[in-house]
Number of protein chains: 2
Amino acid sequence: MVTAARGRPRSFDRDAALDKAIRLFWRRGYEATSVRDLTEELGIGAPSLYSAFGDKQQLFTEALRVYDEKYGGFIDRALADEPTAKGAAARVFAEAPERYTRRDLPTGCLIVSGDAGTTSTEIIEHLRRMRDSKVDAFAAKIRADITAGRLPADIDPRALGRYTMSALTGLAQAARDGVTRAELDQVAEIALRAWP
Amino acid sequence: MVTAARGRPRSFDRDAALDKAIRLFWRRGYEATSVRDLTEELGIGAPSLYSAFGDKQQLFTEALRVYDEKYGGFIDRALADEPTAKGAAARVFAEAPERYTRRDLPTGCLIVSGDAGTTSTEIIEHLRRMRDSKVDAFAAKIRADITAGRLPADIDPRALGRYTMSALTGLAQAARDGVTRAELDQVAEIALRAWP
DNA sequence: CCAATTTTATAGCGATCGATAGAAAAGGTG
DNA sequence: CACCTTTTCTATCGATCGCTATAAAATTGG
């Protein structure tokens with residue numbers, strides 16, 4: 001059953017437009033990105049944007065979801081692929097500097113700084129939950145390693161998970177400040193040494 | 001020579017008003033704090049604010065300077081008081097969780113997140129320089145310790161200084177996300193372990 | 001061709017942004 | 001008292017914010 005596709009067809013590629021929106025939000029954050037900025041960057045009128053994505057907040061929420069899959073997913077992949085928590089941490093610290101300083105992409109991380117300077121408690125809460133869920137995921141992996149005897153029993157899984165995500169936050173922020181890939185590589189290597 | 005004090009006297013305490021502005025900028029950042037927010041919180045009219053502090057950007061710049069002395073100075077003090085770089089790092093990591101979660105004060109750090117969501121390149125550059133200067137100060141202290149043989153010669157002073165400030169940034173951001181003082185204490189303790 | 005449906009472009013909505021003009025108010029100085 | 005200076009209050013200013021009403025344009029179905 002093919003969809004009817006009645007009415008005037010959309011004149012732009014929705015996925016391509018969403019990707020442009022992601023990069024704009026990534027670069028400037030939710031609040032500093034105006035609807036006018038979006039319509040100019042996406043090359044469409046405001047009514048088209050609202051028709052295709054709802055309102056600004058819905059567009060941002062969708063941008064977050066796709067960003068997390070497309071650009072920020074290296075953390076989830078490391079946790080899924082690596083057999084041990086420390087292996088996942090090592091891989092994340094090894095990949096993060098490159099991820100946060102890619103050419104032709106904004107520096108830093110949308111999930112870390114996307115809610116910067118926003119008053120909307122919904123946006124702030126949404127991103128806080130996303131950040132906390134990464135801490136939870138790391139803590140769970142650490143807990144499993146403790147149970148399996150691969151990590152000492154006296155360490156706190158949540159604290160170590162929080163440290164790891166917190167160090168990544170620091171890396172992302174440093175990248176936004178223009179710190180070079182090479183320096184971030186060194187910083188990430190130091191950060192891993194805190195692990196038991 | 002006493003100042004003339006001609007004209008109608010100011011009806012508010014300038015220092016007290018500046019402190020209120022500091023806390024407002026600290027809580028919401030430069031962009032999310034409107035002039036209307038400021039006039040309401042400070043209890044003065046807009047013309048009084050502009051007369052006493054210039055414009056919004058000048059008020060923010062002055063707020064940054066006083067904040068750095070009054071609330072953020074524990075880093076500079078640790079670097080000045082402690083004899084070794086690692087001692088300074090240990091003290092900074094020991095104090096930061098309490099500093100970033102004080103009652104009756106905003107969480108986190110104004111210098112870390114004050115430019116969040118701002119488009120003004122002047123504001124962003126100003127804060128980036130403040131953050132970088134702390135990295136420089138730490139790196140200088142580390143370099144001195146290497147010269148004195150208190151730290152191994154194969155470490156990179158700038159990278160270790162960047163790591164330390166980057167970890168502090170992560171702590172400040174976590175505090176903004178509502179992480180408890182107790183958890184931040186644990187995270188800070190882990191962060192120190194990365195030091196040689 | 002003619003409806004029906006959906007998207008497009010144009011224009012503008014009320015609200016808020018940072019900042020200021022103009023006059024009244026409050027002090028010192030003679 | 002009058003005069004000078006500075007701050008205060010009131011009332012905006014033009015620009016921009018997120019968002020939308022309206023109607024023309026572009027397609028499918030009959």
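In what follows, chains carry the letters A, B, and so on, assigned in the order in which the sequence lines appear, proteins first and then strands, with residues in each chain numbered from 1.
OP1 and OP2 of C:dT7 both lie 4.0 Å or more from every side-chain N or O belonging to A:Ser48. In terms of phosphate contacts, B:Ser11 brings no side-chain nitrogen or oxygen within less than 4.0 Å of OP1 or OP2 of D:dT7.
Rounded to an integer number of Å, the gap from A:Phe12 CZ to D:dA26 C1' is 15 Å. As a whole-Å value, the separation of A:Asp37 CG from D:dC17 P is 7 Å. Between the CG atom of B:Asp55 and the C1' atom of C:dC17 there is a distance of 14 Å, given to the nearest Å. Here the P atom of nucleotide D:dT27 and the CZ atom of A:Arg8 are 7 Å apart, to the nearest Å. For the pair A:Gln58 CD and D:dT20 P, the computed distance is 10 Å after rounding to whole Å. The distance between atom CD of A:Glu31 and atom C1' of C:dC17, rounded to the nearest whole Å, is 12 Å. One can place CD of B:Glu40 at 12 Å from C1' of C:dT16, the figure rounded to the nearest angstrom. In this structure, the CG atom of B:Leu49 is 10 Å from the P atom of C:dA19, given to the nearest Å.
Side chains of A:Asp115 and A:Thr118: no donor on one and acceptor on the other come within 3.5 Å.
The side chain of A:Tyr50 lies closest to D:dT20, out of C:dA21, D:dT20, C:dA19. You'll find that the side chain of B:Lys56 is closest to C:dA19, out of D:dA26, C:dA19, C:dA9. For A:Val35, counting side-chain heavy atoms from C-beta on, the closest listed nucleotide (D:dG18, D:dC4, D:dT8) is D:dG18. Side-chain proximity of A:Arg36 to C:dC17, D:dC17, D:dT7: nearest is D:dC17. Closest contact between the side chain of B:Pro47 and the listed nucleotides D:dT10, C:dA19, D:dA24 involves D:dT10.
Base contact: B:Ala46 has a heavy atom under 4.0 Å from a base atom.
Both the sub-6.0 Å distance and the 45° axial angle are satisfied by A:Arg10 relative to the ring of A:Phe12.
Remark: aromatic rings of A:Tyr163 and A:Trp195 are distant, center separation not under 6.0 Å.
In terms of position along DNA chain C, the nucleotide closest to A:Arg10 lies nearer the 5' end than the nucleotide closest to the other residue of the pair A:Arg10 and B:Gly54. For the pair B:Pro9 and B:Thr33, nearest-nucleotide mapping onto DNA chain C gives the more 5' position to B:Thr33.
Salt bridge status for B:Glu98 with B:Arg181: absent, with no side-chain N to carboxylate O gap under 4.0 Å. Here B:Asp145 does not pair with B:Lys86 in a salt bridge; the nearest charged N to carboxylate O distance is not below 4.0 Å.
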